[in-house]
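Residue numbers begin at 1 in each chain, while the letters A, B, ... track the order of the sequences. Values below: all heavy atoms of this structure, side chains included; hydrogens, waters and symmetry mates excluded.
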Amino acid sequence: MSTADVLDRLLPDTPVRDEPARRWLAAHGWPSNHEEAWRYAPLDAIAGVSRARDDDADGAADLLPFELERLAATHPAWASGAVRLVLVDGRPIIDWSSTPDALAAAGLVVLAGVAPEPFRADERANGFDALNLLTTPGVTTVEVTEAEQPHALHLVHLATTQHVTSPSRTRLVVGPDVVLSVSETFQSVTGAGLTNPVTSLRVGAGARVEHVRVVSVGRGRAHVGSTAIVAREGARIRSGALQLGPGPVRHSIAADLIGDGASVELRGLSLPGGGGHHDTDVSVRHLASAGTSRQQFVGVVPDRGRVSFGGHVLVAAGTTRTDADQQSRNLLLGPTARADARPWLEICSDDVRCTHGAAVGRLDDDALFYLRTRGIGVREARAMLLRAFVATVLDELAEPGATADWLTIRATDAIDELLRSPTTRPDQGAATR
Amino acid sequence: MMLRIRDLSVEVAGSTVLDGLDLDVDAGEVHAVMGPNGAGKSTLAHVLAGRDGYRATGSVTLDGHDLLSMTPEDRAIAGLFLAFQYPVSLPGVGNMHFLHSARNAQRRARGEAEIDAGDFLRDAREAMERLDLDPGLLGRSVNDGFSGGEKKRNEILQLALLQPRLAILDEPDSGVDVDALRAVAASIDALRDRDRAFLVITHYPRLLDLIVPDQVHILAGGRIVHRAGPELAAAVESEGYARFLPDGFVADGVHDRVGAQVP
């Protein structure tokens with residue numbers, strides 16, 4: 001794919017602060033589907049969206065307060081009074097965030113506009129990360145060191161700009177034995193454009209982090225985001241991603257277990273709208289012993305939609321007692337719904353327990369028939385089974401609480417929309433003859 | 001006549017399972033359909049309930065409505081209920097939500113007012129007490145992790161709450177211990193009513209000591225080959241099926257057309 005024209009549009013005419021990233025991007029461009037980690041990524045759709053012009057975008061800044069008001073009405077950060085940080089195109093907006101005093105009282109040290117670390121041309125390097133480095137207004141770092149009480153933070157990422165990326169870059173530094181719950185939501189105010197955030201979680205020894213990531217991408221917008229996790233000795237991280245909407249979505253997760261006894265649980269639920277394609281790529285590296293990793297990624301795919309998953313597990317030589325599991329499950333709701341799964345286990349040690357599985361299915365005919373024999377119409381029966389399927393996944397995605405309730409509402413709304421869409425209309429009840 | 005089946009023939013994947021079956025059930029009656037394994041008993045239950053995958057010809061009416069042209073949900077609304085031999089587990093679908101949805105779906109379709117959750121819960125608890133069912137099962141997913149006996153009693157609970165005109169019980173004794181079977185039989189007995197009929201499908205004659213039928217039919221080769229009063233169950237118990245099958249009938253070759261006349 002030729003990306004030069006897209007990059008010309010996406011890259012601003014500002015002085016380049018990361019010359020290696022610029023050079024790397026010029027040489028490699030965007031990833032292609034020939035690369036293992038990008039095999040299923042909706043790159044053409046992402047490029048198409050990034051080229052598009054949004055004639056309404058000039059008014060985006062004016063719409064922002066309304067969008068925020070809408071969000072405030074339902075988002076748990078406002079409802080529960082928990083501390084929040086609102087970033088617009090990667091720039092923290094103090095007026096809409098919790099006050100500096102409230103953030104400090106919550107034990108969070110926030111620094112904005114920090115210079116990013118230099119670009120690293122390693123095997124995980126890619127054009128979207130380079131693009132983020134070149135366009136971000138700076139890194140927002142949140143440090144949490146106090147281990148006496150649990151902490152909670154909501155990061156609200158809003159995208160407004162047209163033709164350039166919405167490149168938030170967030171770094172969470174979690175000290176030893178800290179307990180932190182953090183949610184991230186990504187929403188856009190205008191239709192067109194590319195949201196390409198990068199979040200990193202550095203989790204200290206013995207710390208416990210619960211991370212929830214909600215991405216909602218409307219038609220005409222694209223999301224290419226990444227989450228990088230580094231887990232030190234005995235750290236426990238649970239990260240759940242909910243992806244909604246018809247826009248193309250790519251989420252890369254890279255988790256390194258660098259201390260003994262670390263544990264990383266990664267989960268995701270994708271509910272693309274009709275014609276949408278959500279792609280998740282996970283790379284877990286067991287670089288220390290006695291580590292545990294779990295991957296559970298689920299898609300509910302309407303007709304013409306697609307959900308893909310690639311999961312890489314590396315168990316490094318010299319490590320022992322690794323326990324890794326990877327599961328992908330997809331529910332197809334129509335004849336042209338599509339799901340792909342690509343497990344990739346790279347095991348360089350003998351002392352491991354590594355399992356993986358992939359399943360693709362449809363709504364169970366026996367279950368549908370059972371409900372219908374009780375007088376429940378076929379549409380309602382399908383809705384009940386879909387909601388039930390999603391509920392069992394959501395139960396695992398987040399700890400019970402305001403955030404979990406909110407996820408359920410968002411997912412249920414998405415399911416309702418999906419059921420209303422003409423492309424997922426179920427077959428009318430077939431009689432026996 | 002409440003249920004009237006005439007010349008019902010059913011093919012599954014090209015082979016004939018039911019072959020010209022006639023059966024009448026009147027309001028207030030309990031009929032038992034017995035027969036050796038493979039006789040087509042469960043097929044009869046599923047065809048009446050509207051399962052996909054069968055090619056059915058002939059006529060079946062319930063209170064004069066043409067059953068075969070209706071969807072499964074419309075049959076339920078017309079008053080048909082099937083208690084499954086193997087009730088389906090529905091992980092994530094709450095039992096209470098399921099029962100309440102079913103009751104209200106039927107009420108809506110009949111133009112009746114919906115019943116609110118509080119009233120419904122009270123009805124459900126009462127019915128569960130009669131069935132000796134743990135009220136905790138209301139808070140669980142439908143049939144998910146239920147024991148064999150709990151699943152069967154959950155079917156009878158649905159029967160009690162939906163109050164159908166015709167209840168088909170497909171092998172209500174399978175996978176159930178004696179105590180659970182007595183509870184099931186007692187509940188069914190309590191639901192006997194002059195406006196309601198039962199069609200009990202079983203291959204186990206002793207069940208009919210507990211649920212005493214008005215009439216017993218023997219199904220073999222895809223049709224009713226013998227019918228008599230409740231004493232027929234005892235005769236099958238002591239003598240087996242062979243005596244009631246037409247000459248030349250091969251018990252496990254049930255798909256041959258035997259041409260026997262019903263006495």
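- No more than 12 heavy atoms of other residues, nucleotides or ligands shown are found within 6.0 angstrom of CZ on A:R208.
- Atoms OG and CE, from B:S101 and A:M384 in turn, are 4.0 Å apart once rounded to the nearest 0.5 Å.
- Distance CG/B:L82 to CZ/A:R374: 6.0 Å, rounded to 0.5 Å.
- The distance from atom CZ of B:R108 to atom CD1 of A:I376, rounded to the nearest 0.5 Å, is 9.0 Å.
- In this structure, a donor-acceptor pair under 3.5 Å is present between the side chains of A:Y370 and B:N143.
- No more than 12 heavy atoms of other residues, nucleotides or ligands lie within 6.0 Å of CD in B:E129, so this atom counts as exposed by the packing criterion.
- In summary, B:D74 and A:R372 do not engage in a salt bridge, as defined by a charged side-chain N under 4.0 Å from a carboxylate O.
- Put simply, the side chain of A:L371 does not reach to within 4.5 Å of the side chain of B:V142, judged on heavy atoms.
- Interface remark: B:P87 contributes backbone and side-chain atoms alike to the contact with chain A (heavy atom separation under 4.5 Å).
- Pairing each heavy atom of A:A388 with each of B:P91, the nearest pair is CB-O, 3.5 Å.
- In terms of heavy-atom proximity, B:A105 sits nearest to A:G375 at CB-O, 3.4 Å.
- B:R165 CZ: more than 12 foreign heavy atoms inside a 6.0 Å radius.
- Other residues, nucleotides and ligands contribute only 12 or fewer heavy atoms inside 6.0 Å of the CZ atom of A:R353.
- For the atom pair B:H46 NE2 and A:T373 OG1, the distance stands at 8.5 Å (nearest 0.5 Å).
- Of the two parts of B:Y86, neither the backbone nor the side chain holds a non-hydrogen atom closer than 4.5 Å to a non-hydrogen atom of chain A.
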